[in-house]
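Below: one structure, written as structure tokens.
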Amino acid sequence: MNHQALDYVKSHADAFKQQLKDLLSIPSVSTLVEHQGDCERAAEWLATDMRRIGFDTVEVIRTKWHPVVFAEWMGAGKDAPTVLVYCHYDVQPAEMSDGWHTPPFEPTEKDGKVFARGAIDSKSNVMAQLKAAEAVIKTGTSPVNIKLMFEGDEESASENMTTFVRDYGDRLKCDVAVICDGSMSDREQPDIAYGLRGVVTMELEVHGPKQDLHSGHFGGTVHNPIQALAEIIAKLHHSDGSVSVPGFYDDVLSLDDEERAELAKALPWIETEWKDVAAAPQVWGEADYNLHERIGARPTLEINGIRGGFAGDGFKTVLPGMALAKISCRLVANQTSQIIYERLCDFIMTITPPSVQAELRLIEMGEPALIDRHSPAVEAARKAYETVWGKRPHFVREGGSIPVVVDLQQALDAQLVLLSFGYKGCAAHGPNEHVYLDMWYKGMAITIQFYEELCMGMSKD
Ligand code: BES
Ligand code: MN
């Protein structure tokens, strides 16, 4: 164990917490143009701290959208392994009116938690990684070379990152790439993810009459676009919960017995999390797959929102001219966004009645990822969690998406590891997002221990 680095974390616990709050105060919302300056400010804030820590090089690299912050410390020498750490510093939008009890960009500490947008997704991960790096570098005890790459566009689907990772391939060279994002299913039981779903987002627009009409003058003679949209949407699933788009499941990599058994170990925790966090009246979905498999190993089609007609206060007897649905599919290993988009297009064209016109537009694509859970690097992570938590972590397949993972997998000749430290019930993307401070400090200890385990598990000759 690296006691010097762990002691450094202990003695700086309050200062680190203050810094986490400082970063959380910057509204680095990547999905809204008016926050462009805030994203830059967050990037500069991180770069300043990296310089203070003593990284050899620190760069704020401009991209088409928001900057990537890149830092390098090669002080462990050329025989030591090099670790590249990826996190994202951008956040989702947040407004008091969404149901926040305290202002989302004024971090508020209560009962061992800090409430703020980005607390769990993902500034606590950014800061756990940055402060763990500080602890090993400042105490002169780092057994590994460290490169940090903090992205500012993850919440807007990381469109830049494919080119960035390709162009910067040489600078990113490493033995192990750590992707620190996401969260765990339980407060008391750690898990390590080795699978992420992909996501393809789309807009389905249905047009009927050339503009909104008086529903008395024309009702009964014009196919209402909202109704037509609802009819189309209703045909996208079978009554057993499976997706009815022809070919939708064709490329899905099926689970073998060994993997099913591994996933089953975490099932009770995932079921409990479902009850506590989703808390819907009852479970829904594909009956042949358990909850963990449905979330991690099965693709889905989701309607994320519907727009059209009049839904304000009062009433407007209107027959709308158009209706729009936001639709997304979560994809699993072996599926590709483009193919799924095309299959959905074809199907929608066949089920659209001639009384309306429909168009399905592709918005964003992120591919699914599956990483080798038996690699030495993942084994080092397992040991690190076990040392810090005193419990063997479960291996899980995550339902969420981190688009850059596939880019890293393709561009680098490195082992990949996914690390996460917080709890899933912390309202990522929702109101009153928070992070448990005890889990956050454990994240630093896990990272420090992970570096130790890596060196023991990997020799470079
Ligand atoms: N941190 C999440 C992804 C995540 C969630 C990983 C849960 C593992 C478990 C990330 O910030 C996120 O929200 N990603 C988006 C991607 C999208 C905007 C392309 C997602 O999954 O919806
Ligand atoms: Mn997110």
Side-chain angles (χ1 to χ4, degrees), residues 24 28-32 39 65-66 86-94 104 116-126 128-129 150-162 178-186 190-202 266 269-270 273-274 277-278 292 294-297 299-302 304-305 326-332 337 340-341 362-371 394-408 416-431 433-435 443:
L24 286 167
S28 47
V29 181
S30 63
T31 55
L32 300 171
C39 291
W65 302 107
H66 303 108
Y86 163 91
C87 304
H88 69 90
Y89 66 82
D90 62 319
V91 301
Q92 291 267 333
R117 170 56 86 233
I120 187 78
D121 186 13
S122 198
K123 286 176 174 169
S124 55
N125 290 320
V126 169
Q129 289 300 332
F150 294 161
E151 178 192 0
D153 282 305
E154 197 274 346
E155 299 293 2
S156 37
S158 300
E159 267 187 77
N160 283 323
M161 290 311 276
T162 310
V178 169
I179 296 97
C180 189
D181 192 16
S183 38
M184 308 192 288
S185 298
D186 196 87
D191 56 49
I192 298 179
Y194 66 95
L196 292 162
R197 289 198 285 193
V199 63
V200 49
T201 60
M202 293 156 285
W269 282 267
I270 288 179
E273 178 218 333
W274 191 94
V277 181
H292 191 175
R294 279 181 228 178
I295 290 169
T300 60
L301 185 153
E302 216 73 61
N304 304 107
K326 302 246 179 194
I327 300 179
S328 60
C329 293
R330 293 279 170 179
L331 310 180
V332 295
S337 320
I340 288 299
Y341 166 65
L362 179 62
I363 308 295
E364 288 164 344
M365 297 192 283
E367 306 304 329
L370 201 57
I371 64 171
H394 292 142
F395 281 99
V396 296
R397 279 216 199 188
E398 275 294 354
S401 310
I402 310 173
V404 76
V405 175
V406 170
D407 298 325
L408 291 172
L416 261 59
V417 185
L418 296 167
L419 298 182
S420 66
F421 309 128
Y423 172 48
K424 269 225 180 70
C426 288
H429 295 197
E433 177 179 351
H434 55 280
V435 62

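Starting from 1, each residue takes its place in the sequence as its number. In each ligand, atom 1 is the first atom listed, and ligand 1 is the first ligand listed.
- Taking every heavy atom of V199 and a limit of under 4.0 angstrom, the matching atoms of ligand 1 come to 19 (C).
- Between the Mn ion (ligand 2) and the N, O or S atoms of D121, the shortest distance is to OD2.
- At the Mn ion (ligand 2), the angle from OE2 in E155 to NE2 in H429 is 110° when rounded to 10°.
- E433 approaches G118 most closely through the heavy-atom pair OE1-N, 3.0 Å.
- Between the side chain of D191 and the main chain of A266, no donor-acceptor pair closer than 3.5 Å is present.
- The shortest non-hydrogen separation linking V332 to G296 is CG1-O, 3.7 Å.
- Side-chain atoms of N304 and S328 form a donor-acceptor pair, as typed in the model, at a separation below 3.5 Å.
- The G182 neighbourhood of ligand 1 comprises atoms 1 (N), 6 (C), 8 (C), 9 (C), with distances under 4.0 Å to a heavy atom of that residue.
- Under the 3.5 Å distance criterion, with hydrogens and angles disregarded, a donor-acceptor pair is assigned to the side chains of E151 and S158.
- Among all non-hydrogen protein atoms, the one lying nearest atom 5 (C) of ligand 1 is G400 CA, 3.9 Å.
- Heavy-atom distances between E155 and ligand 1 reach below 4.0 Å in at least one pair.
- Not a single N, O or S atom of D181, from either the backbone or the side chain, sits less than 2.8 Å from the Mn ion (ligand 2).
- Of all heavy-atom pairs spanning H88 and D121, the tightest one is NE2-OD1, 3.0 Å.
- In terms of protein heavy atoms, atom 15 (C) of ligand 1 is closest to S401 O, 3.7 Å.
- In terms of heavy atoms, A119 sits closest to V435 at O-CB, 3.6 Å.
- For the residue pair N160 / H66, no side-chain donor-acceptor distance below 3.5 Å is found, with atom types taken as modelled.
- Each of the atoms 19 (C) of ligand 1 lies under 4.0 Å from some heavy atom of A157.
- Using a 4.0 Å cut-off to heavy atoms of H88, the atoms of ligand 1 that qualify are 11 (O).
- The two residues G366 and P403 have their closest heavy-atom pair at CA-CB, 4.2 Å.
- Nearest to atom 10 (C) of ligand 1 among the protein's heavy atoms is E154 OE2, 3.1 Å.
- For the pair R330 and ligand 1, a heavy-atom separation below 4.0 Å is found.
- Annotation for D90 and E154: closest pair OD2-N, 3.0 Å, computed over non-hydrogen atoms.
- Within the set E398, E364, R197, the minimum heavy-atom distance to atom 9 (C) of ligand 1 is found for E398.
- By the criterion of a heavy-atom distance under 4.0 Å, neither the backbone nor the side chain of Q92 is placed next to ligand 1.
- Each of the following atoms of ligand 1 lies closer than 4.0 Å to a heavy atom of D121: 1 (N), 2 (C), 10 (C), 11 (O), 13 (O).
- When only interatomic distances are considered, the shortest N/O to N/O separation between D181 and ligand 1 falls below 3.5 Å.
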